[in-house]
Amino acid sequence: MAKVEIYTKGYCPFCVRAKQLLDSKSVTYTEYSLETQPKLRSEMIERTGGPSTVPQIFIGDHYVGGCDELMAAESQGQLDQLLAR
């Protein structure tokens, strides 16, 4: 299974929703909390190429985007393919 990384904040409902989807698929992911590690924000922005909202999700070398993009990948049947890489 591909490495999954997600940048989050605790009060973010979109972060909770994205993590719930990953949890429902029994996906192990690395979570980077911008609340406890605020210096990671600049790393996240560099990796995303600009977006600074959370969540920001990476699967392997693929930048997925935020919660909406993750949900879209799931509804289009692409998420499992990304995870299998």
Side-chain angles (χ1 to χ4, degrees):
M1 184 171 283
K3 179 179 180 181
V4 178
E5 300 170 282
I6 180 169
Y7 292 86
T8 66
K9 284 191 174 181
Y11 59 83
C12 167
F14 296 104
C15 298
V16 171
R17 189 169 171 220
K19 291 189 298 182
Q20 285 175 335
L21 174 58
L22 295 172
D23 290 341
S24 75
K25 293 182 156 295
S26 299
V27 173
T28 301
Y29 52 87
T30 302
E31 180 176 0
Y32 303 113
S33 171
L34 298 185
E35 288 176 316
T36 60
Q37 299 174 294
K39 292 182 179 183
L40 290 178
R41 176 175 282 287
S42 60
E43 172 189 295
M44 179 190 76
I45 293 170
E46 184 177 320
R47 288 183 74 189
T48 63
S52 60
T53 58
V54 290
Q56 293 299 323
I57 303 154
F58 294 84
I59 300 176
D61 293 333
H62 180 76
Y63 169 52
V64 175
C67 181
D68 289 343
E69 290 80 12
L70 184 69
M71 296 299 172
E74 171 67 0
S75 68
Q76 296 168 3
Q78 298 171 347
L79 182 56
D80 289 336
Q81 293 171 359
L82 288 171
L83 293 169
R85 290 184 182 174

Rounded to the nearest 0.5 Å, what's the gap from [atom1] on [X] to [atom2] on [Y]? Could you check?
X     : Y     : atom1 : atom2 : result
Met1  : Asp80 : CE    : CG    : 8.0 Å
Gln20 : Arg17 : CD    : CZ    : 9.0 Å
Ile57 : His62 : CD1   : NE2   : 10.5 Å
Gln37 : Thr8  : CD    : OG1   : 9.5 Å
Thr48 : Glu43 : OG1   : CD    : 10.5 Å

Side-chain heavy atoms of Ile59 within contact of Arg85, under 4.5 Å: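 No, too far: nothing below the 4.5 Å cut-off.
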Under 4.5 Å between any side-chain heavy atoms of Lys9 and Arg41, yes or no?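 They are in side-chain contact.
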Gln76 atom CD, neighbour heavy-atom count above 12 within 6.0 Å: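 Counting neighbours around CD of Gln76, more than 12 heavy atoms of other residues, nucleotides or ligands fall under 6.0 Å, so yes.
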Do [X] and [Y] sit in one hydrophobic cluster, given that two such residues count as connected whenever their side-chain heavy atoms are within less than 4.5 Å of each other, even indirectly?
X     : Y     : answer
Leu34 : Ile45 : yes
Met44 : Ile6  : no
Val54 : Tyr29 : no

Would you please say whether a donor-acceptor pair under 3.5 Å links the side chains of Gln56 and Tyr32?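 No, no side-chain donor-acceptor contact under 3.5 Å.
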If I compare all heavy atoms of [X] with all of [Y], which pair ends up nearest, and what's the gap?
X     : Y     : result
Leu40 : Tyr7  : O-CE2, 4.1 Å
Pro38 : Glu35 : CD-O, 3.9 Å
Ser42 : Lys39 : OG-O, 3.3 Å

Tyr63 and Phe58 aromatic ring geometry - parallel, tilted or perpendicular at 30°/60° bounds: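 Plane angle between 30° and 60°, so tilted.
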Can you list the residues that meet the salt bridge (charged side-chain N to carboxylate O under 4.0 Å, His left out) rule with Arg47, with sequence neighbours excluded?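 By the salt bridge (charged side-chain N to carboxylate O under 4.0 Å, His left out) rule, Arg47 matches Glu5.
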Holding to side-chain contact (heavy atoms from CB on, under 4.5 Å), I want the full list of residues that pass it with Phe14, two or more places apart in sequence or in another chain.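 side-chain contact (heavy atoms from CB on, under 4.5 Å) check on Phe14 returns Cys12, Pro55, Cys67.
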Please list, chain by chain and in numerical order, all residues satisfying side-chain contact (heavy atoms from CB on, under 4.5 Å) with Leu21, sequence neighbours excluded.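 Ser24, Lys25, Leu70, Met71, Glu74, Leu79.
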